[in-house]
Amino acid sequence: MAGKVCIMSEILKLVKKHEKYRSESLNMQASENIMSPNAREALSSDLASRYSLVLDPSQGDAYGGARYTDEILHETERLAASLYGSKFAEVRPLGGHIAAEMVILSLMRKRENMMSIAEKDGGYTGYQSGYLPQMFGFQNYEIPYDGESQEIDLQKLERAMKASSPSLVLLGQSFFLKHYDLKPLREMCDAYNSYLAYDGSHVMGLIAGKAFQKDALEYCDLLFGSTHKSFFGPQGGIILTNNEDIFSRIRKNITWRTMDNYHPSRIAALGVALEEMTEYGRDYAASVVRNSVHLGKELHSSGVGVKFSPWYSETHQVALDINYFRSRGMSFQSASQMLEDSGIIIDREGRIGTSEISRMGFSDMGRIAELISTALSGKNVRQEVSDLIKELRIHYTGA
Ligand SMILES: *Cc1c(COP(=O)(O)O)cnc(C)c1O
């Protein structure tokens with residue numbers, strides 16, 4: 001017994017170290033966000049170790065003690081559908097990737113073709129040939145994309161669709177800066193009898209707040225993605241559609257196919273986040289996009305290499321220019337490490353994210369750009385970063 005307690009407390013010590021470390025850092029990682037105290041309370045509640053399973057509502061729950069769990073699930077589904085303006089919402093997927101599996105398995109049959117944006121153009125690695133397509137027996141083709149303008153090449157796409165007759169055209173990127181012109185894509189998918197799906201993993205919070213790709217569900221058969229990147233967390237996935245047939249196929253592919261239990265505490269935390277997004281999403285999302293554009297401009301004027309001047313970004317991401325770093329003997333990896341030594345956290349792939357700083361109510365991008373450029377010039381700015389962090393408070397929670 002004593003040994004076990006000891007092991008647990010060692011892990012808890014590491015958890016505390018992590019929390020201290022991250023609370024002393026400025027998080028600008030594009031794939032992350034911070035959860036409100038209310039959402040965290042739900043996530044670590046008693047629900048975290050409970051079961052609930054309703055397959056046929058006339059039979060009730062397969063588990064006892066679930067009288068509130070079902071209510072939480074259904075209320076969370078209702079909140080999601082209402083926030084995104086969709087007829088149907090599925091909130092149980094354990095992550096964006098699991099949601100993608102459910103979508104692909106529900107819309108395609110073996111040996112059919114799909115199209116997605118290539119990794120070199122910012123597309124999601126999971127859709128590249130060696131991953132989901134190989135595992136499920138589909139063929140994936142590239143959606144032709146112009147990296148300079150960050151736009152799909154519609155003429156080339158038309159030819160590629162003619163050649164490969166894809167059952168599914170899957171939009172969405174991990175390096176995601178610009179909205180798509182969906183109307184012509186919908187027309188092409190209708191002409192070639194393809195489903196059009198939108199992986200909004202990175203931008204679900206911005207779509208919810210109507211600051212980006214407001215027409216996703218107007219033109220696409222479904223919208224799905226992660227709930228923790230520009231959305232308010234917790235980590236998980238969500239699928240939205242107006243199509244009843246698609247929705248029932250997705251539901252069928254959940255329990256005992258792509259997953260079993262759905263982590264009820266996670267659903268409760270998502271429900272809290274959906275309430276917050278419903279109340280404050282528009283203000284939040286507008287400030288995220290505004291901050292990205294300003295950060296792009298300010299980095300550019302402080303001499304740091306950023307891409308896509310003069311528009312920079314329509315999302316929560318700003319893209320760094322690898323040529324700038326190479327010319328100074330740096331890589332994205334070493335630049336990220338250098339910033340982290342100064343207390344600024346970004347990923348190691350050249351993205352800077354503005355979701356979390358926006359949620360923390362910050363809007364002085366000139367100050368952040370200055371800190372980044374000073375840190376990259378080799379001077380440690382940890383003290384200045386600490387001073388800035390002291391001014392931050394979580395916003396958009398109501399709590
Ligand atoms: C992050 C990401 C995913 C995977 O999401 P998880 O929630 O980590 O499973 C899927 N698609 C895209 C475009 C992503 O950026």
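Index from 1, following the sequence. Each ligand, and each atom within it, is numbered from 1 in the order the structure gives.
Ring to ring, F212 and F176 are close: their centroids are under 6.0 angstrom apart.
The main-chain N or O of I34 is found under 3.5 Å from a side-chain atom of R359 such that the two form a donor-acceptor pair. The backbone N or O of I346 sits less than 3.5 Å from a side-chain atom of S336, completing a donor-acceptor pair.
Residue pairs meeting the salt bridge (Lys or Arg N to Asp or Glu O under 4.0 Å) criterion with at least one member in residues 37-59, sequence neighbours excluded: E19-R40, D46-R50.
Partner S106 forms a side-chain contact (heavy atoms from CB on, under 4.5 Å) with one of I254, T258, N253, D245 and no other, that one being N253.
Sorted by chain and number, the heavy-atom contacts of ligand 1 below 4.0 Å come from G95, G96, H97, Y124, Q173, S174, D199, S201, H202, S226, H228, K229.
Once rounded to the nearest 0.5 Å, the distance linking NE2 of H263 with CD1 of I267 reads 9.5 Å.
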